[in-house]
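Beneath this line is the structure, given in structure tokens, with notes to follow.
Both ligands and their constituent atoms are indexed starting at 1 by order of listing.
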Amino acid sequence: MANFRTHFGVALGGGALVAYAGWQASLWTFNEGWPLAVLTAFGGILPDIDSDQSHAIRLIFTLLAVLAVIAGALWLQSRLAPGPLVMACGGLYVGVRYLAGAIFKRFTVHRGVWHSLLASLLCGMGTAAMSFHLLAQPAPMAWAQGMALSLGAVIHLLLDELYSVDLVGSRLKRSFGTAFKLFDYREPGNAVLMLLLGVALAPWLPPWTTLWELVGRGVALWPSP
Ligand SMILES: [Zn+2]
């Protein structure tokens, strides 16, 4: 199994490459590019969110708490006076960082439902929906950000799978096939729940046509043989 630093580094490298390529192809500006690299790196540690002792879980919930505070402040600033606003933001931080983190730890097992392609896609869709509505990003940018997160998570799954191949003896370790999976086969109920979440998310997503356009422009960049 690849460790935290490997996951973070490889995903950040992959994200930087994609961000750079898209910038060169004027899919986005330089300033729009670097958050994509950061999101890919974040996606690269996301699947290990459910390993209890990991750096990933602490970092992820800290980042989520910061994001919650930013989104909360943006949304509440016109609705609350400065005093209560600061209180609300403080509450949001503590709530997400500690409470949600503790609840999450209690109910998940490592390499469970979050360590799957389905979760990677769902998190990407959630990111796209949030940046489209909460952060008022244009649709192509919202999709790009969602895809960046998913890309990072898929890189993570592939890395774990690579590391389960014993490179010296070229034997397969027992963990082979547990990292890169569509969903957690041991808990199909969770997968159904994730599918339902995905369906519930659909009305909040940026238009699908924008995604196909973006993918089409990305594919067109690929040098044809
Ligand atoms: Zn992992």
*Please work out which of the three classes, parallel, tilted or perpendicular, describes the rings of W23 and Y20, given edges at 30° and 60°.*
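Y20 vs W23 ring planes: perpendicular.
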*Looking at D160, which of its N, O or S atoms is the nearest one to the Zn ion (ligand 1)?*
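Output for this pair reads OD2.
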*Looking at D48, which of its N, O or S atoms is the nearest one to the Zn ion (ligand 1)?*
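It is OD1, the N, O or S atom of D48 closest to the Zn ion (ligand 1).
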*Could you confirm whether H156 has any N/O/S atom lying under 2.8 Å from the Zn ion (ligand 1)?*
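H156 does place an N, O or S atom closer than 2.8 Å to the Zn ion (ligand 1).
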*More than 12 foreign heavy atoms under 6.0 Å from CH2 of W34: is that the case here?*
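For W34, atom CH2 is not crowded (no more than 12 foreign heavy atoms under 6.0 Å).
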*Out of L151, L46, D48, which one pairs with H156 under the side chain to side chain contact (heavy atoms under 4.5 Å, CB included) rule?*
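Testing H156 for a side chain to side chain contact (heavy atoms under 4.5 Å, CB included) against L151, L46, D48 leaves exactly one candidate, D48.
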_Go through it in stages, so that I can follow the logic: the residues are T127 and Q145, the test is side chain to side chain donor-acceptor pair (under 3.5 Å), and I'd like the CA-CA distance, side-chain angles, deciding distance and then a yes or no._
CA-CA 7 Å; T127 306; Q145 289 166 351; over 6 Å; no
